[in-house]
Amino acid sequence: MQNEIIIAGFGGQGVLFAGQLLAYAAMDEGKEVTWIPSYGPEMRGGTANCTVVIADEEIGSPLVRNPKAVLVMNLPSLDKYEPLVKEGGVLVLNSSMVPRGVARKDITVVLVPANEIAEELGDRRMANMVMLGGLLAHLEVLPVKAIEKALKDHLPARHQKLLPANIEAIQRGSKF
Amino acid sequence: MAKELLKGNVAIAEAAIRAGLQAYFGYPITPQTELLEWMSARMPELGRAFVQAESELGAINMVYGAACTGARVMTSSSSPGVSLMMEGISYIAGTELPAVIVDVMRGGPGLGNIAPAQADYNQIVHGGGHGDYNLLVLAPSSVQEAVDLTVLAFDLAEKYRTIVVVLLDGSLGQMMEPAELPPMKPLKTAYPEWAARGEPGDSRRVLSSIYLDPPAEEVANVRILNRWKEVEANEVRYKEYMLEDAKIAVVGFGTSGRVALSAARAARAEGIPVGLLRPVTLNPFPNKQIERLAETVDSILVVEMNAGQMLEDVLRDVKGRVPVEFFARVGGIVPLPDEILNEIRRMASQPLSTTGHPRDRWLKRMPQIMA
Amino acid sequence: MTITAPELEKTIYTRPESLTSVQTHYCPGCTHGVAHRLVAEVLDEMGLREKTVGVASVGCSVFAYNYFEVDFVQAPHGRAPAMATGVKRVLPDRTVFTYQGDGDMASIGMGEIVAAAARGENITVIFINNANYGMTGGQMAPTTLPGQKTTSSPNGRDVETQGYPVRAAELLATLEGTSYSVRRSLHDPKGIRNAKRAIRTAFEVQQRGLGFSMVELLSICPTNWGMSAINAMHWIEEKMIPFYPLGDYKVHPMLAEVKI
Ligand SMILES: Cc1ncc(C[n+]2csc(CCOP(=O)(O)OP(=O)(O)O)c2C)c(N)n1
Ligand code: SF4
């Protein structure tokens, strides 16, 4: 069993950290996991993405053309990844950031107004957590509890006071 | 020790520290820089030597000097920086000193880009510096393997008085995977008799790569080669996957090897009997294993992230006994599993050519592959 | 009285012809862009645009060739003065300049810059001192100030183990072959005006065949300094200038007659 998840958006939207959380949670659950970022000069204010592969056996390629799930945080990423999601896969879309809908009918589309929810909870930067919640509700890959634990363990010390809000962000996202 | 989620570059740095690294010298270059940055924090904290050199030229000669003292030393860089180190590498090899070099390869030639590539194969495996010497080359394909091989690198370097290169590509340097780090080894206290340490009371030691008298240089060359023969006899490492009943064998190292594993599994799911041989030591190369493959499979596919540098080594071992095909993405592009799967399908369904060179056939297909 | 529109409009700011009309990749606020503009204005004013070959180095300015509307070649890290020498020796009547960062020129390329200056190579060097390695993510540069934190001096540059910063303008001024070596700063309008005058003078040195000229420009790197552009400007004033005094370190006597 293998799941591949791509998380894509602008630099600064917490795309890489959201992917790392998935990776930490997968590791703690005893699974094989790889996390690989796009890296390079384009990271400066441009787009950022990472691919997380979670599996039960030794992982081959850390990159895939057709991922099982995509978390899309901006329009360029939707344009790029909508055609690539595996048939029957999941596309979680930050509808606060993307003005258009999704045309594909052969995948599960989850529309999450992640920025609005994050702002309601007090900090827009938690939009990535709301999106993760949206993913976990529609892709059987990891229990929400595992992510919450990973968050507890790996949220930088200076952000620990935001832990309850972050957990709520995940839970709010998982309602979509 | 429990597994931690580690980035390749950081994992290698910390593994080296725990293997008893005494001195690190390096220069920033993407996609290797996290390794240097980790060293800049950890080595001073442990009271060990760290210098950000003025250049790779400086770094490799700092390694040269430190290696003369018999200490465990290392540098790391990426392709253009390693090119700059070639002079020092040849000198260290000529002086028969142990040292570890990590090369996190990127796209080239020239300044190229910072994306993952495997195009340093020739300069590392077949020698980019002048003179007759061999580097022992270890090619990990996962973060755990990078940790394990880094530790091994120091032991092999000392055992054979040779440079050991840990050769990986930018994607493995940047990737995070769970890995278990080794326990912290105490620093060494005993030094080999050849080390020049200015010890009071010891006999004088001179370390140099100069042998002005050609017969003396010949003796040195033969000694170095004999030591290398021992390496060839003892240190070949590789990993096999699903080869028992395979009719098609894929050969790939590092990242191309692990991407090929995904492709091979997908092909198996379609009923195509494919296996994978992943060389772990690129020098010494698993020649015997490739020769054996040529006797058991119907065809071989070589996959690389360069224009067929290892391919030549495979062809030399196969000696035309079975058709060999080649697939690569170059210039900083990582092949995807479905691309390799397509090649496997093609090989399983079509008669294969044994005339001409596999690289030429690949080059003809490239316009479609790049489209 | 009515004022017609054309009288109201007076163009006071346009893109120099020596700059291409593309957006640069530099971070918001970064003064690499200012330095580019000054060089381009000088090339325009001196009518040199079509007779110039630039040599790009390795650093954030590696893509300078995209921004200058002049012929460009791109050197390996640190080797721009050697490449510029090659171009200049073959085409002595062309204007040849390098554009180099502090890591590029004062670390890996220290050999080439000193040798080019010592030879009195008739080229102009624009040297951007931003106290770190920008392109690779903010590591320590030879110009990093004592105590300054970077990603490879996480506890602040410790001069005991990491040495002292290099003052390039002063250093190159000691060489016989150097005709012009000065330091300016890009942190405020006055500094920028002075910087432009110095760049003009440097190219005049080359035009007159007087030998090697170099202008060091204190420049901000808000991204890797972790500051807003404004704070970075203040940082130059408060931290960098005391260590890197602005001034003329060598000026060829024949420049006395050059009025700019
Ligand atoms: C031989 C070699 N070593 C290292 C590098 C990596 N590298 C690229 S840019 C750079 C530093 C540039 O810094 P600086 O010259 O200060 O310019 P800035 O980016 O700050 O403008 C380095 C080390 C390289 N490209 N080639
Ligand atoms: S990293 Fe620094 S020097 Fe480079 S463009 Fe950004 S601000 Fe300018």
Side-chain angles (χ1 to χ4, degrees), chain A residues 1-7 15-44 48-68 84 86-87 142 146-147 149-151 153-155, chain B residues 2-9 30-34 104 106-107 113-116 141-145 169-180 239 241-242 250 252 255-266 268 276 278 303 329 332-342:
Chain A
M1 185 55 190
Q2 176 167 308
N3 282 297
E4 311 92 10
I5 301 139
I6 291 179
I7 310 180
V15 159
L16 301 185
F17 181 67
Q20 283 178 4
L21 262 194
L22 278 177
Y24 279 119
M27 177 178 72
D28 294 343
E29 292 281 297
K31 295 194 180 289
E32 298 287 334
V33 62
T34 59
W35 171 93
I36 189 166
S38 60
Y39 64 91
E42 83 263 30
M43 276 171 62
R44 238 176 253 151
N49 72 66
C50 64
T51 304
V52 180
V53 179
I54 300 173
D56 296 321
E57 58 173 351
E58 180 182 347
I59 294 171
S61 180
L63 296 167
V64 290
R65 188 186 307 279
N66 303 116
K68 191 78 74 64
L84 296 180
K86 206 175 274 174
E87 215 183 297
L142 289 167
I147 295 283
K149 179 173 176 298
L151 197 53
D153 295 345
H154 303 287
L155 200 64
Chain B
K3 284 193 174 182
E4 298 168 54
L5 191 66
L6 295 169
K7 191 177 237 202
N9 283 333
T30 317
Q32 161 278 159
T33 302
E34 297 84 358
V104 187
R106 65 187 230 181
N113 56 46
I114 59 175
S141 77
S142 69
V143 174
Q144 183 67 62
E145 205 175 22
D169 68 84
S171 67
L172 184 49
Q174 297 297 320
M175 187 164 90
M176 290 178 99
E177 276 186 308
E180 192 179 334
K239 215 171 158 196
Y241 304 79
M242 305 177 288
V250 185
T255 294
S256 2
R258 68 183 290 170
V259 176
L261 176 62
S262 291
R265 283 187 187 138
R268 282 264 168 189
L276 168 70
R278 182 167 65 75
V303 180
R329 298 305 305 263
I333 298 181
V334 181
L336 288 172
D338 59 312
E339 294 175 311
I340 301 174
L341 178 61
N342 282 341

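Every value quoted in this text rests on a predicted model; they were computed, and no experiment measured them.
The shortest distance between side-chain heavy atoms of B:L261 and A:E58 falls below 4.5 Å. Taking the side chain as every heavy atom from C-beta outward, A:L63 and B:L336 approach each other to under 4.5 Å.
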Would you list the atom pairs, donor with acceptor, under 3.5 Å between side chains in residues 19-28 of chain A and any protein atom, with sequence neighbours excluded?
none

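Looking at B:R258, its side chain does come within 3.5 Å of a backbone N or O of A:I59 through a donor-acceptor pair.
Taking the charged nitrogens against the carboxylate oxygens, B:R265 and A:E57 do have a contact shorter than 4.0 Å, which makes a salt bridge.
Most heavy-atom pairs under 4.5 Å with chain A, from the set B:T255, B:L172, B:V143, B:V259: that is B:V259. For the set A:C50, A:S61, A:P37, the entry with the most heavy-atom pairs within less than 4.5 Å of chain B is A:S61.
To the nearest 0.5 Å, atoms CH2 (A:W35) and CE (B:M175) are separated by 11.0 Å.
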